[in-house]
Protein chains: 2
Amino acid sequence: MMQLSGVSALERTSFADIPCSLARSLEAIGDWWSPLILRDLFLGVRRFGELVEDLGISRNLLTRRLVALEEAGIVRREPYETRPPRYEYALTEAGLELVPILVALTAWGDRWKAPRKGAPIEFVHTDCGHRLRPRIVCADCSGEISHDNLRPMPGPGARAARGTKVIARKLAGTAGL
Amino acid sequence: MMQLSGVSALERTSFADIPCSLARSLEAIGDWWSPLILRDLFLGVRRFGELVEDLGISRNLLTRRLVALEEAGIVRREPYETRPPRYEYALTEAGLELVPILVALTAWGDRWKAPRKGAPIEFVHTDCGHRLRPRIVCADCSGEISHDNLRPMPGPGARAARGTKVIARKLAGTAGL
DNA sequence: GCCTATGGTTCAATGATTGAACTTAGTTTA
DNA sequence: TAAACTAAGTTCAATCATTGAACCATAGGC
């Protein structure tokens, strides 16, 4: 049985020590290829060779990304055939919860980076049958969220470290707004 | 007056030729640092030196990212002082529309990559006063969007190219679902 | 004149990405 | 039973990007 070698998925500067959940999310999927890999897994492209063919990603890099995504709990490796032992990749629950975010980013691209010919892929919301136009709203009041109805505040885990040093100062100044 | 040099913000493999709006979004902000730069700009960290201090990013790399983000129409460079000519950076409308998406990604990190101590930064939805829990919903029916009520379909710009070669085949097979 | 502040640029060293060739294991075809 | 085929990786050299430190330029204050 073939084993993934112990490549340690080294990244450039790590964001792991930045006390910010965005930094931690990016630590997991913030690299150049991971979001497209997740898109493909969601769209049904699940085998190593299919991912290489679809994305044109280098095989060794795909191996490293898949290992990293698996270690991050976003992707699961499962056998689809035992006699010639073969594996394919699937999204875990954490990975599936990234799908709406990727879809929202796709909609942003439709709006601001659209090609002349129109969107290449569209989504239908099967609950209502409409072509999907995602909105990001508040779970409490259902109002749309935008840059100007959002106030950042230091949370329980706040501290002044790399990635929040200057922010901590700024938030301290506006916390009582 | 000091000018930004014409660095051409070369990236690794470009996603520009992939017919997918997600790929085009990632072409603009899919690198390692851009999302954190956008977060800082949103949170009020707007000067070159502040960004360097807050993020610990290399100065030359920050220059390149800011140039690329400006060229992508996500960031605007504006003078805040003329006599010693000094500039700061602000989000454009396109950049501001990324904020809810970054917030959603932050919430994902809170849920799946939370530190022991709790979230370092929280957001309050000022329209209702609650601590923000973002939801991604359908604009038509207001129902929540998830991986299992979404059906991908070939759009008007669909074609089989790098990044959609295999997907195009798969979608052709399920288009009539 | 010299020091400081701010916003960059330059450059050498290091680390990541690319692309092609190779390996492994089992299965089918001749 | 050997040769060819398939799928999933591994290995490696060349290239490209990132890092970190030192430098430069402009202007103001002392």
Side-chain angles (χ1 to χ4, degrees), chain A residues 1-15 17 26-27 30-34 36-37 40-41 45-70 75 77-90 162 166, chain B residues 1-15 17 26-27 30-34 36-37 40-41 45-70 75 77-90 162 166:
Chain A
M1 172 177 140
M2 198 178 287
Q3 285 290 68
L4 296 181
S5 73
V7 286
S8 61
L10 277 181
E11 299 281 359
R12 48 237 112 186
T13 298
S14 169
F15 293 156
D17 60 329
L26 294 169
E27 181 75 19
D31 67 271
W32 197 235
W33 285 103
S34 291
L36 283 182
I37 293 171
D40 270 25
L41 293 179
V45 181
R46 286 194 261 269
R47 316 253 250 245
F48 190 91
E50 284 181 328
L51 287 164
V52 168
E53 187 189 356
D54 191 60
L55 297 175
I57 186 176
S58 187
R59 308 174 77 84
N60 59 355
L61 191 48
L62 178 58
T63 299
R64 293 168 63 132
R65 289 291 166 258
L66 289 171
V67 168
L69 288 169
E70 196 184 359
V75 153
R77 185 165 177 261
E78 18 186 67
Y80 68 89
E81 195 177 276
T82 43
R83 289 306 307 286
R86 293 285 149 79
Y87 297 87
E88 65 184 7
Y89 296 88
R162 187 171 76 91
V166 177
Chain B
M1 173 175 137
M2 197 179 288
Q3 286 290 66
L4 295 181
S5 73
V7 286
S8 62
L10 279 181
E11 301 280 358
R12 47 237 111 186
T13 298
S14 169
F15 292 158
D17 59 330
L26 294 169
E27 181 75 18
D31 67 272
W32 198 236
W33 284 104
S34 291
L36 283 181
I37 293 170
D40 270 25
L41 294 179
V45 181
R46 285 194 262 268
R47 316 252 250 245
F48 190 90
E50 284 181 327
L51 288 164
V52 168
E53 186 190 356
D54 192 61
L55 297 175
I57 186 177
S58 187
R59 306 174 77 84
N60 59 355
L61 191 48
L62 178 58
T63 299
R64 292 168 64 133
R65 288 291 166 256
L66 289 171
V67 169
L69 289 169
E70 198 183 357
V75 153
R77 185 166 175 259
E78 16 187 67
Y80 68 90
E81 194 178 274
T82 43
R83 289 307 308 282
R86 292 287 147 74
Y87 297 87
E88 63 183 10
Y89 296 87
R162 188 173 73 92
V166 178

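All chains are named by letter (A, B, ...) in the order of the sequence lines, taking the proteins before the strands, and each is independently numbered beginning at 1.
When the side-chain nitrogen and oxygen atoms of A:R65 are compared with OP1 and OP2 of C:dT17, one or more of them lie within a distance under 4.0 Å. Distances shown here put a side-chain N or O of A:R12 below 4.0 Å from the OP1 or OP2 atom of C:dT17. OP1 or OP2 of D:dG9 has at least one side-chain nitrogen or oxygen of A:Y89 nearer than 4.0 Å. At least one side-chain nitrogen or oxygen of B:T63 sits closer than 4.0 Å to the OP1 or OP2 atom of C:dT9. Within the 4.0 Å cut-off from OP1 or OP2 of C:dT9, not a single side-chain nitrogen or oxygen of B:R64 is found. Taking 4.0 angstrom as the limit, A:Y87 places none of its side-chain polar atoms (N or O) nearer than this to OP1 or OP2 of C:dA25.
With contacts defined as side-chain heavy-atom distances shorter than 4.5 Å, the pair A:W33/A:L62 does not qualify. At a threshold of 4.5 Å between non-hydrogen side-chain atoms, the residues B:L51 and B:L41 count as touching. Taking the side chain as every heavy atom from C-beta outward, B:W32 and A:E27 approach each other to under 4.5 Å. With contacts defined as side-chain heavy-atom distances shorter than 4.5 Å, the pair A:R46/A:Y80 does not qualify.
A search for side chain to side chain donor-acceptor pair (under 3.5 Å) contacts involving A:R162 returns A:D17, not counting sequence neighbours. Remark: B:D40 pairs with no residue by the side chain to side chain donor-acceptor pair (under 3.5 Å) rule, at least two apart or across chains.
Under the 3.5 Å distance criterion, the side-chain polar atoms of B:T63 are matched with a main-chain donor or acceptor of B:R59.
Here C:dT9 presents its P atom at 10 Å from CG of B:L66, a figure rounded to the nearest Å. Atom CZ in A:R47 sits about 14 Å away from atom P in D:dT6, given to the nearest Å. Going from atom CG of A:L62 over to atom P of D:dG9 covers 8 Å, rounded to whole Å. Between the CD atom of B:E81 and the C1' atom of C:dT6 there is a distance of 9 Å, rounded to whole Å. The distance between atom CG of B:D31 and atom C1' of D:dT19, rounded to the nearest whole Å, is 15 Å.
Nearest to the side chain of B:W33, among C:dT6, D:dT18, D:dG28, sits D:dT18.
A heavy atom lying under 4.0 Å from DNA chain D marks the following residues of residues 48-61 of chain B, by number: B:S58, B:R59, B:N60, B:L61.
Note on A:R86: a base of the nucleic acid sits closer than 4.0 angstrom, heavy atoms only.
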